[in-house]
Amino acid sequence: MDKRIPNYYLKVIRRLWMAFAIALLSIPSYILTVRFNLLNLYGGLPPIAMLQNPKQDLSSELYSADGVLLGKYFRHNRSPVVYEEISQNMINALLATEDYRFARHSGIDLKALYRAFFVSVLLRKRKGGGSTISQQLAKNLFKTRSKRYQGWLSGVPLLGTLIFKTKEWIVAVQLEYAYTKQEILTMYLNTVSFGSNAFGIKVAAKTFFNTTPSLLTAEQAALLVGLLKAPSYYSPLKHPERARQRRNLVLTQMHKYQLLSAEEYIRIKEYPIDLAYEVEDHNVGIATYFRSTIRDFLLRWTRERGYDLFEDGLKIYTTIDSRLQQHAEAAVAAHMPTLQKKFEEHWEGANPWADQHGKELPNFIENVAKHTPLYKKLKEKYGEDQAAIDEVMNTPVPTRLFTWQGEIEAVVSPIEAIKHNKRLLHTGFIAMNPYTGHIKAWVGGINYNHFQYDHVMQGKRQAGSAFKPIVYAVAIDNGYTPWQEVVDTPITFQIPGGTWTPQNWHKRYTGQRMTLRQAMARSVNSVTAYLTKQLGPELIVAYAKNLGIKSPIDAVPSVCLGVADLSVCELVGAYSTFMNKGVWTEPCYIMRIEDKNGQLLQKFIPTKREAVSEITAYLMMHMLKGTLEEIGGGASRIKKILKEGNEICGKTGTTSNQSDAWFVGLVKNLCAGVWVGGENRCIHFRTIGLGGGAWAARPIWEDFIQRIYEDPELLYAKGPLLNHPQPEGISIPGTHKEDSPAPEGSLEEREEEKSMEVEIDVKDIL
């Protein structure tokens, strides 16, 4: 029997071997042509340098001086963690669901590819894809399917998908060569999206459970891993039952691979979804106004140095103390609702936008409305058709409004919403270390989500009598003394078009002699005017600039009454100079900036300069203490609990028609200032007994100081104001309180005068 193989069989075998050989050669040849992008058919791949040092768009983080994360700046909210900071539950849930053979392959799982091709593609049965964690990382981290990496064949159906997959295989193998398994897992969990603007495991743990990656439980980890398949579809907020089923599927996988015991699996899968959900938002949290203001500086800083604030993962360490910040926000939240209630009762049945005689300003709201973004859009759309614009502006629509009882949803017209907002009083508060210039607390308004205008540095209003200490500092630095006497008598200035004689708050002059300390304590306008006439407005403006006032100030006689618009930050910086031996220290809010690896990029040292002599500064502290110690002093009604065993000084300020209320106060190691007023100058109380600095502004300062004294974690305590001895060459005589001439008038008037200062309107001066 002839056992030789027939020729036609031999031909088939040879052809099969030839086909196999061609396949063996063509597959690597294909991979090589993809790797080197032959004729740009496939599109390029990330360069080796990028694979070895991948750039992740990391959120820049803002930290307080006491190490608390204040907020972030991001396009995609992502903060990295290291492998050791990730719960084993999270690792187990990820591996069991996405890539159980992760530890045994080198970027490509051939068994998973076989399953994906023959079962999922050919048999059309859903048994999962063949992508490994390394391949998913390649796609997510380097955007291998983006236009940047596409070639001539990338748009061909099916072939384009094969090319994308091939490139992901190549990059996955390169990643496996460049990094350890732990590093790949960490990079994956740091870059993947969990929905709800949460990129990376650290942000996801905080967003969904208000916890850290290291503390994630098995059920929490399972929920997060379940989200990776389709964050919106399996959202526990929108589809809780769907999310629970997906979570339980992940738990089943963990049990299947013996990463979860049978007892735990049976127990945990019955748990309801328990969230502590809160999406990180720029508009919520503490120090929102501060974070917004510092953002503008950081954008300039990063642009000048070639960094991206929203992607480079910078670490910005600020001077803010989160504990003082919380106390400051609490003090504002405690006082402003009460003041707002008084304001509403005061103006019940009338609108508060009024002139100096209390008469409502006509068409005020209509004029304000013309400056709103909505009105400007309507103007572009309807042009001169005022009727169409008015119809929209007066048509009720669902609107979210701020109230001190909480945000409300109301159906009101845009005009009514403007009226509602214009009736609200606003505030700005700042606290600073007078020696270092470090700003410790910053409250720029009543609610950042609704009112984003900052009243600490951005907002500038007339300082009123709060400016007078600068005038007295000029006098003392030029030969006057706190105990020098001046007569309370009219002082007249020659001005263009006539003369000007500033009046005292009670419209009369006592004709009595009083010391400069008594005059400043009682905020007597005539004495301040006398000093201004002797010194000259130009000298006062020059000193103000040297004391850190950067806002424009006109060298006119009325400068003595605080008619210039200043910020709270500027005034606090000026007052702090007196406490710091006459050295002005620029208020600062950043200590240092580091890159994502902790390398120091810049350390910030505030500018300092001698503004007044050490003797003048010491005497000014003595002058400011007079507001509490002298009869009729504007700060004499500070809470007794704060004054006992303590040294305090400060100055109130109230401008024309009670449009602006101020208080700047100093205690040991701290200077703080507050402003309160309407959004527009025409919005104000009609009486100084309600709208003066002593009633509208000072209570916030008092509450803040009391809170920090009562906080056992803080080192602020009562004691002497100054941490340095009295300079040589000074001999301060007794204040002679008993011999001080008291203001004329009734007892009621004298009691009211203790905390009142009124200046005349600027338009009456110029």
Side-chain angles (χ1 to χ4, degrees), residues 61-71 206 210-212 215 276 278 284-291 316-338 427-444 446 456 568 572 575-576 579-580 585 587-592 621 625 628 635 637-650 663-674 697-724:
E61 297 177 336
L62 196 70
Y63 288 93
S64 68
D66 55 320
V68 174
L69 179 64
L70 296 175
K206 179 75 167 60
N210 191 29
T211 189
T212 61
L215 298 178
E278 184 177 354
V284 298
I286 67 170
T288 46
Y289 287 92
F290 170 74
R291 283 150 44 193
I316 302 106
Y317 295 91
T318 74
T319 62
I320 295 292
D321 188 304
S322 68
R323 298 159 298 183
L324 268 70
Q325 180 67 31
Q326 289 174 332
H327 290 315
E329 293 181 6
V332 167
H335 174 66
M336 291 304 292
T338 303
T427 188
F429 176 93
I430 192 172
M432 179 180 124
N433 184 312
Y435 305 110
T436 64
H438 289 178
I439 295 171
K440 310 308 293 182
W442 178 313
V443 185
I446 57 176
V456 166
V568 182
V572 168
Y575 276 61
S576 295
M579 202 167 179
N580 192 27
T585 303
C588 63
Y589 42 71
I590 301 178
M591 290 191 288
R592 68 185 189 278
M621 293 300 292
K625 284 192 287 184
L628 280 83
R637 288 186 177 180
I638 284 179
K639 292 179 180 179
K640 184 178 180 181
I641 190 174
L642 294 179
K643 293 190 288 186
E644 290 177 341
N646 200 19
E647 275 193 334
I648 300 174
C649 67
F663 185 75
V664 182
L666 299 97
V667 294
K668 182 180 179 181
N669 295 324
L670 201 66
C671 179
V674 58
R698 196 182 68 203
I700 294 176
W701 183 91
E702 292 178 312
D703 191 5
F704 169 74
I705 297 298
Q706 187 168 346
R707 288 174 186 270
I708 66 172
Y709 281 165
E710 294 174 352
D711 189 334
E713 294 185 4
L714 296 173
L715 300 178
Y716 292 94
K718 295 179 178 180
L721 269 166
L722 301 178
N723 62 5
H724 53 272

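Note: hydrogens, waters and symmetry copies are ignored here, and every other heavy atom, side chains too, is used.
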- Task: Mark yes or no for whether Arg291, through its side chain, and Ile286, through its backbone, hold a donor-acceptor pair below 3.5 Å.
- Result: yes
- Indicate the atoms forming the closest heavy-atom contact of Leu628 with Ile648, along with that distance. CD1-O, 3.6 Å
- Item | Those residues that, when tested against Tyr63, pass ring pair (Phe, Tyr, Trp, His ring centres under 6.0 Å) (two or more places apart) | Tyr317
- Value rounded to 0.5 Å, distance of CZ in Arg698 from CD1 in Ile700: 12.5 Å
- Any pair counted as salt bridge (charged side-chain N to carboxylate O under 4.0 Å, His left out), so long as it reaches residues 323-332, sequence neighbours left out: Asp66-Arg323, Asp321-Arg323
- Message: Could you check whether any side-chain heavy atom of Asn669 comes within less than 4.5 Å of a side-chain heavy atom of Leu715, counting everything from C-beta outward?
- Response: no
- Give, for atom CE of Met432 and atom NZ of Lys440, the distance between the pair rounded to the nearest 0.5 Å. 11.0 Å
- Tell me, please, which residues at least two apart from Glu278 pass salt bridge (charged side-chain N to carboxylate O under 4.0 Å, His left out). none
- Message: If the condition is side chain to side chain contact (heavy atoms under 4.5 Å, CB included), which residues does Gln706 pass it with, not counting sequence neighbours?
- Response: Lys639, Ile641, Leu642, Glu710
- Task: Would you give the length of the straight line joining atom NZ of Lys718 to atom NZ of Lys643, rounded to the nearest 0.5 angstrom?
- Result: 11.0 Å
- Task: List in chain and number order the residues that pass side chain to side chain contact (heavy atoms under 4.5 Å, CB included) with Pro434, two or more places apart in sequence or in another chain; answer none if no residue qualifies.
- Result: Ser576, Met579
- Message: Is any side-chain heavy atom of Glu647 closer than 4.5 Å to one of Met621?
- Response: no
- Message: Using side-chain contact (heavy atoms from CB on, under 4.5 Å), reason through Val456 and Tyr289 one step at a time and then give a plain yes or no.
- Response: CA-CA 9 Å; Val456 166; Tyr289 287 92; over 6 Å; no
- Looking at CD1 of Ile320 and CD1 of Ile590, how far apart are the two atoms once the value is rounded to the nearest 0.5 Å? 10.5 Å
- Item | Minimum side-chain heavy-atom gap Val568-Val674 below 4.5 Å | no
- Item | Side-chain donor or acceptor of Lys668 paired with backbone N/O of Leu722 under 3.5 Å | no
- Item | From CA spacing to verdict: side-chain contact (heavy atoms from CB on, under 4.5 Å), Thr427, His335 | CA-CA 10 Å; Thr427 188; His335 174 66; over 6 Å; no
- Message: Quick check for you: to the nearest 0.5 Å, what is the distance between Ile708 atom CD1 and Gln326 atom CD?
- Response: 13.5 Å
- Query: Looking at CG of Asn433 and OG1 of Thr585, how far apart are the two atoms once the value is rounded to the nearest 0.5 Å?
  - Reply: 9.0 Å
- Message: Is any side-chain heavy atom of His327 closer than 4.5 Å to one of Tyr716?
- Response: no
- Between Arg707 and Asp711, is the closest basic N to carboxylate O distance under 4.0 Å? no
- Ile439 and Phe290, any side-chain heavy atoms less than 4.5 Å apart: no
- Task: Among Leu666, Ile638, Val664, find the one that has a side-chain contact (heavy atoms from CB on, under 4.5 Å) with Cys649.
- Result: Leu666
- Evaluate the side-chain proximity of Trp442 to Thr318: yes if any heavy-atom separation is below 4.5 Å, no if none is. no
- Query: For the side-chain contact (heavy atoms from CB on, under 4.5 Å) test, which of Val572, Asn580, Ile430 pairs with Cys671?
  - Reply: Val572
- Short question: side chain of Asn646, backbone of Gly719 - any donor-acceptor pair under 3.5 Å? yes
- Item | Residue pair Gln325 / Leu70, side-chain heavy-atom distance below 4.5 Å | no
- Can you find a pair of side-chain heavy atoms, one from Phe704 and one from Val332, that are under 4.5 Å apart? no
- By ring pair (Phe, Tyr, Trp, His ring centres under 6.0 Å), which residues pair with Tyr575, not counting sequence neighbours? none
